[in-house]
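Data block below; observations after.
For clarity, every value in this text was computed on a predicted model and none was experimentally measured. Within every chain, numbering begins at 1; the chains are lettered A, B, ... in the order of the sequence lines, protein sequences first and strands thereafter. Both backbone and side-chain heavy atoms feed into the values below; hydrogens, waters and symmetry mates do not.
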Amino acid sequence: GQNIDQPTEMTATEGAIVQINCTYQTSGFNGLFWYQQHAGEAPTFLSYNVLDGLEEKGRFSSFLSRSKGYSYLLLKELQMKDSASYLCAVNQAGTALIFGKGTTLSVSS
Amino acid sequence: DVKVTQSSRYLVKRTGEKVFLECVQDMDHENMFWYRQDPGLGLRLIYFSYDVKMKEKGDIPEGYSVSREKKERFSLILESASTNQTSMYLCASSQTLNTGELFFGEGSRLTVL
């Protein structure tokens with residue numbers, strides 16, 4: 001089986017930096033995805049990590065440590081539009097993505 | 001751009017009715033998926049398909065079936081809807097199963113009375 005944990009809610013202020021953690025236990029690990037989902041909308045792809053290390057993409061970065069079963073999504077220079085749910089999802093070989101329960105981020109001014 | 005289209009955004013059905021949720025993708029993707037999303041439970045995989053006429057159960061297949069007669073279309077069927085199937089249903093597609101980014105439809109919100 002698999003288990004994916006991430007915090008339920010986080011709050012931050014505009015301009016700040018926030019780190020959303022995700023821990024997982026799974027067999028046949030084949031990569032980790034982060035998705036963003038605004039209220040009432042479909043999830044959209046943010047990042048994909050399959051090797052250890054940091055992947056940077058503009059204001060968003062994602063980190064993976066396979067040995068620790070750990071990933072984080074780092075959001076810099078927060079904007080109000082970053083208020084959304086952030087979904088961590090693990091890819092197991094030969095099957096579909098399994099999602100964590102999501103972290104709802106609220107950004108205030 | 002990939003487009004995944006779900007036939008109905010909102011549906012209201014009665015207990016015991018047969019319900020069809022349709023999903024069509026236009027990018028010739030091999031793989032298609034059905035998830036349901038509930039508050040506090042996140043996205044849970046119901047079924048997926050990696051080829052025409054092929055299907056695999058996900059984590060919560062009970063009470064559901066699927067059909068993939070054509071590559072671009074993946075249908076979710078509730079043979080006899082129950083109130084605990086009230087949920088948001090999300091269809092997705094991807095080019096590759098193991099490493100492929102999922103592209104989601106807008107979702108179908110089903111209410112079973």
Side-chain angles (χ1 to χ4, degrees), chain A residues 1-10 20 22-51 55 57 60 62 64 66 73 84-105, chain B residues 1-6 9-10 23 25 27 29-51 54-61 64 66 68 74 76 87-109:
Chain A
Q2 61 276 327
N3 190 38
I4 302 170
D5 286 315
Q6 51 182 130
T8 305
E9 294 180 338
M10 298 183 72
I20 303 174
C22 173
T23 58
Y24 63 89
Q25 293 174 306
T26 186
S27 56
F29 176 80
N30 209 33
L32 187 143
F33 287 80
W34 284 97
Y35 283 79
Q36 180 189 58
Q37 186 178 24
H38 286 100
E41 298 182 10
T44 55
F45 170 80
L46 285 178
S47 68
Y48 172 60
N49 295 68
V50 66
L51 299 176
E55 296 274 346
K57 194 186 293 185
F60 292 7
S62 57
L64 176 67
R66 289 173 297 172
L73 181 69
S85 289
Y86 292 87
L87 314 178
C88 172
V90 172
N91 207 334
Q92 280 185 266
T95 188
L97 278 185
I98 303 299
F99 285 81
K101 294 179 181 178
T103 299
T104 300
L105 174 65
Chain B
D1 278 353
V2 173
K3 190 161 186 184
V4 179
T5 304
Q6 295 182 229
R9 288 298 305 273
Y10 300 95
C23 176
Q25 51 95 4
M27 284 301 289
H29 282 173
E30 301 291 331
N31 310 287
M32 297 187 75
F33 311 83
W34 277 105
Y35 291 87
R36 63 178 283 179
Q37 186 171 33
D38 302 285
L41 297 177
L43 277 160
R44 293 179 292 166
L45 179 67
I46 305 171
Y47 269 97
F48 70 98
S49 169
Y50 53 89
D51 200 352
M54 305 305 290
K55 61 185 179 184
E56 292 283 343
K57 293 180 180 179
D59 295 324
I60 52 164
Y64 303 95
V66 290
R68 185 131 182 241
F74 192 36
L76 181 69
S87 186
M88 171 67 83
Y89 291 88
L90 287 163
C91 175
S93 72
S94 72
Q95 182 57 40
T96 60
L97 184 60
N98 290 333
T99 59
E101 171 190 347
L102 291 184
F103 294 87
F104 284 89
E106 292 295 313
S108 298
R109 182 164 293 283

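Rounded to the nearest 0.5 angstrom, A:Ile98 CD1 and B:Tyr35 OH are separated by 6.0 Å.
At a threshold of 4.5 Å between non-hydrogen side-chain atoms, the residues B:Glu101 and A:Tyr35 count as touching. In this structure the side chain of A:Thr95 reaches within 4.5 angstrom of the side chain of B:Phe48, judged on heavy atoms. Proximity of A:Pro43 to B:Leu90: side-chain heavy atoms (C-beta onward) are separated by under 4.5 Å at one or more points.
In this structure, the portion of B:Leu45 lying under 4.5 Å from any heavy atom of chain A is its side chain and not its backbone. Heavy atoms of B:Leu102 lying under 4.5 Å from chain A belong to its backbone as well as its side chain. There is no contact between B:Asp38 and chain A, counting heavy-atom distances below 4.5 Å.
Between A:Lys101 and B:Gly40 the shortest heavy-atom distance is CD-O, 3.3 Å. The heavy-atom pair separating B:Gly105 from A:Ala42 by the smallest distance is O-CB, 3.0 Å.
Within 6.0 Å of CZ in B:Arg109 there are 12 or fewer heavy atoms belonging to other residues, nucleotides or ligands.
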